[in-house]
Every structure is written in structure tokens, then in C-alpha cells.
Amino acid sequence: MNSKKYGMIFNTKNNNYYYDTATGKVVSCNDMEIETIDNILLEKVDLEEECSKNKIFGDFVAREKLFNDNENWGFLLPTRQEFKELVRGKCEQIVLELTEDCNLRCGYCIYNDHHKKHRKFSNKTMSFDIAKRSIDFVMQEYQGDEFALTFYGGEPLMNFKVMKRTIEYFKKQYPMVEKSFGFTTNLTLLDDEMIEYFSNLNELEIVCSLDGPQSLHDKFRRDLHGNGSHDIATSNFIKLMKKFYNKKAGRTLMVNCVITPPYTKEKLDEISGYFRAELHVPKEIDINYSYVDAGDMVFDYDRKEVIETTSKIEISPLEYWAVTDFEINGSNSEYFGLINKELARVSDRMKSDNIINGSYLHGNCLPGQRRLYVTIDGNFRPCEKVGNIPTLGDCFIGYDYDKSYDIYLKNYAQEYHEKCKNCWARTMCAMCYESSLNTDNNNLYKVEGICDISKQIIKDMFVNYFTLYEKNPEALKRALSEVEFK
């Protein structure tokens, strides 16, 4: 019997395909070939015997160079010194956690008490000294020409004074770099003074959290007393569109809209229609549709209890609707942003006639290379999504290169190599530290349940990509050429 072969079979409405892990190739197959490949992957039949019995299949395998062994596969890692050189002076964005407080308690927020991986709400805020020290640390060795100063929370406008002071310090202290600014807000604390200040800044993006019409928005986006936030949030968003938004000056808006179960196409279209037709949000303002991740819990205000509404959902149907909409509307699709990065990953995947013996460390960034998240007390983490996983250093002692290399690269690769070496998805897996690291230092790499979800997502990505490729490959290519990974 040959050594085990790795790959994945998937189907569109029109064709059968086989993704070959060893080479990254995708080949179209007839029904007989798919059946044979399935049996090979399940180790029900021997590859060499099948190729010798069936000359057509044997020629097909030889021609496409499929089922090669890559038993020497491993993660591609920089050396410790290379890692230091790749990170030092390269960070082009700092995200300052201005506060752990928020005036809302949205039912799906990761900072609610029932989310164990993340910190809880508190009244702690970042001081100007922490903000200043963090900026100075990053900028002292920065080698680039452009830099982004961004803010997060909680609700960052609860600490507007420090935000404003930090922006003015950064502008004055570092005039040599081209600057951009940004923050995410629930809009409810925005006042005329703030709008006037923001309107005098160039290159500022405000990400606005809005979930659509009142009946949907207020279901989960409520204040500490259970009151809905739709009216004030929407009113202030309209003010921003009138008084702040100026694309030529780089003052831009983006809407972040969380779609909550039950998922229906009618709900998605209702939300889109509300933004575009009722609020008159222009097409150049992106609406980022997202959903509560599989397995996450939400607090249902109507039932007054925590419910696992998404626990039985593997993959949201939003992506299916986005594919259908793209087939009709092409790159003008309202929902293309739901799938564009996943499609680009399939298009740009590693592929070769030869064996792919190494792959990158899942979908992880090099921690601290492109962005650095700073908590209210000055600790450094890879980004705002990761929760209470080990720090990369802090604004007092700086970046701890050795600790970061050991935890996030060396030990990570050793632990996950054993899990991934026998997986067909190993070169396509995009899970990142947000889901692949635990907050328990004694079981840092013991994360359950993510592999099956990751493989299902990857399979759906291939189905979606080749469904669109079959219909109009040139339109898909043009649309993907505009995709940016930020």
C-alpha cells in the first residue's frame, strides 16, 4: 500500500474537482475519476494498482503530477534573527485601546461576561502617557513613510480627550511621515464639537457600527439599561455624512453591520435597502457585512438569557448569497466584500508542478510587524481580536523578540506540525492567533473544534471560487485584482 495521499474533492453545480494538497493544483474530473480518487484518499484502493489497471486514469495522474508524497512538509519559519529584522522598524499601524468601558452592552459583544477568552468591561482608560510612550517606541525605529494611528475600545469616544491629545502630539512630533487616523465607534457619544474636530483632520476613517433598521439594530445594540441605540446612532451617522465625509480630503466612513441569526436573504436585502435607499449611503461608502462567529454566544434581551444561537451553524449562508449576487451584478455586487478575500486566497494559493514541502504559519501575521495593539495599561498584543493571549512586550520595556519568537513561531510550529501534517488543508488553512491560541498558558496550543470549521470554510471557498470562475473567469479576475488585504 502506498503512503497516505492528501487532497479534497468538491463539486459545483456543473463540475467535479479535486484539490491536490501536495501540489496545490485543482483539476476537473469526470465521475469515474472522482470515485477512484475518493477511494484513494480513503485508502480503500492502492494508487499504483489503480493506475496500472486503468491506463486512462494512470495517464491522467501522471500528466497532472498528482498524489506526490510530501512527507517532509513543514512550516516555513524565519530564523530568530530574521524574525527580529522582519519586525524591527516595520510596524506601520498602532491600535490604542483607549478604554475598556462602553456605554452600550451589545448582545454579541466579545467583552460580555460570558466570553471567557476576552477581558471584561471596566472603567479603566488609557492615559496620555501610555499612548505617548507607545507611539514613541514604535516610531523611534520606524523605517517607512506612511503610518496609521488608530483607536479602539470599548467605545473610544469615552476617552476623547486622550484621543485628541494623542493625535495632536503625533502630528507635531512626527511631521516626516504621511499620517492616517481611524477609530471604530457606536456613534452614540458623538457631539458637534467632536464632529468639528474630526472634520478638520485629513486621512481619517471612522468605522460606524450600525445593524440596519431599528427593529434589527435595537435587538442587540442596547445600552446598560436595555434601551435601544438606533435613533441616536443613526442621527449622528447622518451628521457625519453631511458634515464630515469628504473623500477627496481622505475623510471617509465605513459601516460595520453585524448580521444575526436567523439568516435570511430577505433580511440581508432589507438591511442593504435601508442603508442605500433610506439613509442614502453612497456606494463609495463600504458596508462591511459580518456575522456572529460559529459557536459564539449572544445575550438575547427579549428572552433575557445567554443563548448559543450559532452553535449548530457551520458556515453562514451569507457567502452563498454573495456568490449569487456576484453572478448577477459582477464587481458592483453589494455583498462582494463578504467573499472577496476568500476568493483571492484560492486564486493566489501556493501551486506547483513540484511538491510543496512547506507552507506559511496558517493565516497568522508576523506579530507586531504590520500592526501593534496596545492595551490600556501599555501591553503589546498582535491585534485587537486575539483576547488575553501572551503579550509581545509593553511600552516600558519594548518588544520582547525572543519571547514572541518562541511563543508565536517556534513553539507554535512544533505543536501544530503534529496536528497539521496529516491534514489535506495544511497549505490553505487561514486560522490565526485569534482562534488558534488559548488564554490558558498551560494549554496554550490546546484549542478544540477549530480544524473541522476551518476545513469546511476552505472547501466552501473552493466551491464559491470555481462556481464564479466557470461562469465568467475574466470578470472574477478583474474583481479580485482590486482586493486589498489590510
Side-chain angles (χ1 to χ4, degrees), residues 10-15 17 26 28 205-213 215-217 234 237-238 240-241 245 247-248 252-293 313-349 430 456-486:
F10 65 97
N11 315 93
T12 64
K13 290 181 180 179
N14 301 318
N15 289 297
Y17 293 96
V26 171
S28 179
E205 179 174 71
I206 302 177
V207 180
C208 305
S209 297
L210 293 167
D211 285 358
S215 61
L216 297 175
H217 180 101
T234 303
F237 178 70
I238 292 171
L240 285 175
M241 284 199 295
Y245 180 69
K247 192 172 183 180
K248 289 183 179 179
T252 59
L253 296 170
M254 186 176 84
V255 174
N256 188 53
C257 177
V258 177
I259 312 294
T260 54
Y263 299 118
T264 67
K265 181 64 163 56
E266 290 73 23
K267 179 192 283 189
L268 189 61
D269 289 340
E270 177 188 2
I271 294 171
S272 173
Y274 171 79
F275 285 128
R276 299 303 188 192
E278 191 166 335
L279 295 189
H280 304 290
V281 178
K283 285 289 288 185
E284 59 264 25
I285 293 180
D286 289 334
I287 300 174
N288 175 46
Y289 297 99
S290 60
Y291 50 91
V292 182
D293 291 333
I313 296 174
E314 287 185 325
I315 303 297
S316 165
L318 300 181
E319 285 84 353
Y320 172 75
W321 296 324
V323 169
T324 303
D325 197 69
F326 184 86
E327 288 181 301
I328 299 169
N329 298 308
S331 57
N332 291 321
S333 168
E334 175 76 359
Y335 311 126
F336 188 57
L338 282 166
I339 54 173
N340 57 359
K341 290 181 173 60
E342 287 72 17
L343 297 177
R345 283 186 52 226
V346 175
S347 177
D348 299 338
R349 71 189 183 278
Q456 183 62 54
I457 289 172
I458 294 166
K459 184 174 183 178
D460 281 12
M461 284 165 38
F462 276 95
V463 172
N464 291 339
Y465 177 86
F466 281 92
T467 295
L468 295 177
Y469 186 86
E470 288 170 358
K471 182 162 186 178
N472 194 333
E474 289 304 315
L476 180 60
K477 183 179 179 180
R478 286 194 302 271
L480 293 181
S481 68
E482 301 173 5
V483 176
E484 295 183 12
F485 288 85
K486 296 183 179 181

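Below, each value reflects all heavy atoms present in this structure, side chains not excepted, and no hydrogens, waters or symmetry copies.
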**Request:** Please say whether more than 12 non-hydrogen atoms of neighbouring residues, nucleotides or ligands are located less than 6.0 Å from OH in Y469.
**Result:** no

**Request:** Check whether any side-chain heavy atom of L268 sits under 4.5 Å from a side-chain heavy atom of T264, and report yes or no.
**Result:** no

**Asked** Given the rule in the side-chain contact (heavy atoms from CB on, under 4.5 Å) test, do I287 and R276 qualify, once you have shown the distances and angles that lead to the verdict?
**Response** CA-CA 10 Å; I287 300 174; R276 299 303 188 192; 3.6 Å; yes

**Item:** Working for side-chain contact (heavy atoms from CB on, under 4.5 Å), residues C208 and N256
**Value:** CA-CA 6 Å; C208 305; N256 188 53; over 6 Å; no

**Item:** For the student: nearest non-hydrogen atoms of S333 and A322, plus distance
**Value:** OG-O, 4.3 Å

**Fill in**
Between the CD1 atom in I271 and the CG atom in L216, the distance rounded to the nearest 0.5 Å is 5.0 Å

**Asked** Taking the side chain as C-beta and beyond, is there a heavy-atom pair between L240 and I206 under 4.5 Å?
**Response** yes

**Request:** Indicate the ring-plane relationship of F326 and F336, choosing parallel, tilted or perpendicular according to the 30° and 60° boundaries.
**Result:** parallel

**Message:** I need the minimum non-hydrogen distance between H217 and D211, along with the two atoms involved.
**Reply:** ND1-N, 3.1 Å

**Message:** Once rounded to the nearest 0.5 Å, what's the spacing between atom NE2 of H280 and atom CD1 of I285?
**Reply:** 13.0 Å

**Asked** What pair of heavy atoms forms the shortest contact from M241 to L253, and how long is it?
**Response** CG-CD1, 3.8 Å

**Prompt:** Should we say atom NZ of K283 is surrounded by more than 12 heavy atoms from elsewhere, each under 6.0 Å from it?
**Reply:** yes

**Message:** Return the CE to CZ distance between M461 and R345, rounded to the nearest 0.5 Å.
**Reply:** 3.5 Å

**Item:** Considering all heavy atoms, the nearest E327-T467 contact
**Value:** OE2-CG2, 3.8 Å

**Item:** Atom NZ of K477: over 12 foreign heavy atoms under 6.0 Å
**Value:** no

**Item:** Qualifying residue, where the test is side chain to side chain contact (heavy atoms under 4.5 Å, CB included) with T12 and the options are Y465, F462, F466
**Value:** F466

**Message:** Once rounded to the nearest 0.5 Å, what's the spacing between atom CG of L468 and atom CD1 of I339?
**Reply:** 5.5 Å

**Message:** So Y320 and D460, do their side chains get closer than 4.5 Å, heavy atoms only?
**Reply:** no

**Main-chain N/O of W321 paired with D325 side-chain donor or acceptor, under 3.5 Å** = no

**Message:** For E284 and K247: C-alpha separation, side-chain torsions, deciding distance, then whether side-chain contact (heavy atoms from CB on, under 4.5 Å) applies.
**Reply:** CA-CA 9 Å; E284 59 264 25; K247 192 172 183 180; 3.6 Å; yes

**Message:** Testing the 3.5 Å rule here: is there a donor-acceptor pair between the side chains of Y289 and E334?
**Reply:** yes

**Message:** Closer than 3.5 angstrom, by distance alone: can the side chain of N329 be matched with the main-chain N or O of N332 as a donor-acceptor pair?
**Reply:** no

**Asked** K267 side chain to P262 main-chain N or O, any donor-acceptor pair under 3.5 Å?
**Response** yes

**Item:** Spatial distance of atom CG (L480) from atom CG (D348) [nearest 0.5 Å]
**Value:** 7.5 Å

**Separation of E270 CD from E278 CD (nearest 0.5 Å)** = 9.5 Å

**Prompt:** Going by distance alone, is a donor N or O of one side chain under 3.5 Å from an acceptor N or O of the other, for Y274 and D269?
**Reply:** no

**Request:** Would you check, one step at a time, whether the test side-chain contact (heavy atoms from CB on, under 4.5 Å) holds for I259 with L318?
**Result:** CA-CA 9 Å; I259 312 294; L318 300 181; 4.1 Å; yes

**E470-N15 side chain donor-acceptor pair, cut-off 3.5 Å** = yes

**Atom of F275, atom of L210 and distance for their closest heavy-atom approach** = CZ-O, 3.7 Å

**Asked** Judged by atom type as modelled, is there a donor-acceptor pair below 3.5 Å linking the side chain of R349 to the main-chain atoms of V346?
**Response** yes

**Prompt:** Quick one: does S347's side chain have a donor or acceptor within less than 3.5 Å of a partner on L343's backbone?
**Reply:** no

